[in-house]
Amino acid sequence: GENYEWYTLEDGLKISKDTGKPLMLIIHKSWCGACKAFKPKFAESSEALQLSKNFVMVNTIDDEEPKEDKYAPDGGYIPRILFLDSQEEVQQSIYNKKGNPTYKFYYYDDKTVVDSMKEALEELGSQTVKPFETLESQTVQPVEVLEMQTVKPVEVLETQTVKADEL
């Protein structure tokens, strides 16, 4: 969906870590029939769009699919949707509870995705507050110091009284 704020996986992981927001990762292929059938359902879901504002949304297609085993916890089928915490850990307990237990991370409609998004927010939503200790590692830009300038005093003129008929 064009209304979603999408990130690459690399950027998404960094943003998730920096903000504490959970990450929702969609893995699909341009040639996949199931992916093509799923895409408009998800794109048109106002509820999924609203919930997406609580996630760092990552959409990988074709060669962008991550190669690490953790992104295929029960197989490399597509489409699959994974939820990660801000420490880059795939949450294997958050999956399509109404789907096929052999392919837990396979989603076929927006309703099942919305259910998992709500579950992810319940489980991971408390991570949106950054721990205090991470504040120390942030870089602060120095303040620019301006050169002092001498200001000339205002010249005070004597007050003169002028009669109206003299003007």
Ring centres under 6.0 Å, that's the criterion: do Phe42 and Tyr107 meet it? no
Output the distance between atom CE (Met57) and atom CG (Leu49), rounded to the nearest 0.5 Å. 8.5 Å
Sub-3.5 Å donor-acceptor pair from the side chain of Thr112 to the main-chain atoms of Asn96, do we have one? no
Scanning both residues in full, the closest heavy-atom pair of Pro40 with Ala37 reads CD-O, 3.6 Å
Between Val113 and Ile81, is any pair of side-chain heavy atoms under 4.5 Å apart? yes
Leu51 versus Val114: any side-chain heavy-atom pair under 4.5 Å? yes
To the nearest 0.5 Å, what is the distance between OH (Tyr4) and OG (Ser45)? 5.0 Å
Heavy-atom distance under 4.5 Å between the side chains of Leu84 and Gln91, does that happen here? no
Please say which of Ile94, Asn54, Leu23 ends up in a side chain to side chain contact (heavy atoms under 4.5 Å, CB included) with Leu124. Ile94
Residue pair Val56 / Tyr7, side-chain heavy-atom distance below 4.5 Å: yes
Does Lys14 NZ have over 12 foreign heavy atoms under 6.0 Å away? no
Quick one: are Phe83 and Pro22 in side-chain contact, heavy atoms under 4.5 Å? no
Is the CD atom of Glu5 crowded by more than 12 outside heavy atoms at less than 6.0 Å? no
Euclidean distance, Lys39 NZ relative to Lys36 NZ, rounded to 0.5 Å: 10.0 Å
Hey, are the side chains of Trp31 and Ile78 touching, using non-hydrogen atoms and a 4.5 Å cut-off? yes
Pair Glu123-Ser93, side-chain donor/acceptor within less than 3.5 Å: yes
Does CG in Asp69 sit with more than 12 non-hydrogen atoms of other residues, nucleotides or ligands closer than 6.0 Å? no
The residue among Lys118, Lys111, Lys53 that forms salt bridge (Lys or Arg N to Asp or Glu O under 4.0 Å) with Glu47 is Lys118
Without swapping roles, check the side chain of Tyr106 against the backbone of Tyr77 for a donor-acceptor pair under 3.5 Å. no
Within the side chain of Lys97, is there an N or O that forms a donor-acceptor pair under 3.5 Å with the backbone of Asp115? no
Atom pair NZ/CG of Lys104 and Leu82 - distance to nearest 0.5 Å: 11.5 Å
Lys17 side-chain N/O to Gly12 backbone N/O, donor-acceptor pair under 3.5 Å: no
Tell me if the CD atom of Glu64 is crowded by more than 12 foreign heavy atoms within 6.0 Å. yes
Is any side-chain N of the basic residue among Glu65 and Lys29 closer than 4.0 Å to the acidic one's carboxylate O? yes
Is there a side-chain contact between Ser52 and Met117, using heavy atoms and a 4.5 Å cut-off? yes
Got a second to check how far Ile27's CD1 is from Cys35's SG, nearest 0.5 Å? 10.5 Å
Cluster question for you: counting only ILVMFWY and a side-chain heavy-atom cut-off of under 4.5 Å, with indirect links fine, are Tyr71 and Phe105 together? yes
Please check this pair: side chain of Arg80 against backbone of Leu25, looking for a donor-acceptor N/O pair closer than 3.5 Å. no
Do side-chain atoms of Asn59 reach the backbone of Trp6 as a donor and acceptor pair under 3.5 angstrom? no
Hey, are the side chains of Ser86 and Thr19 touching, using non-hydrogen atoms and a 4.5 Å cut-off? no
Show the nearest heavy-atom pair for residues Gly99 and Tyr108, with the distance to one decimal. CA-CE2, 4.4 Å
Between Ser30 (side chain) and Asp62 (backbone), is there a donor-acceptor pair under 3.5 Å? no
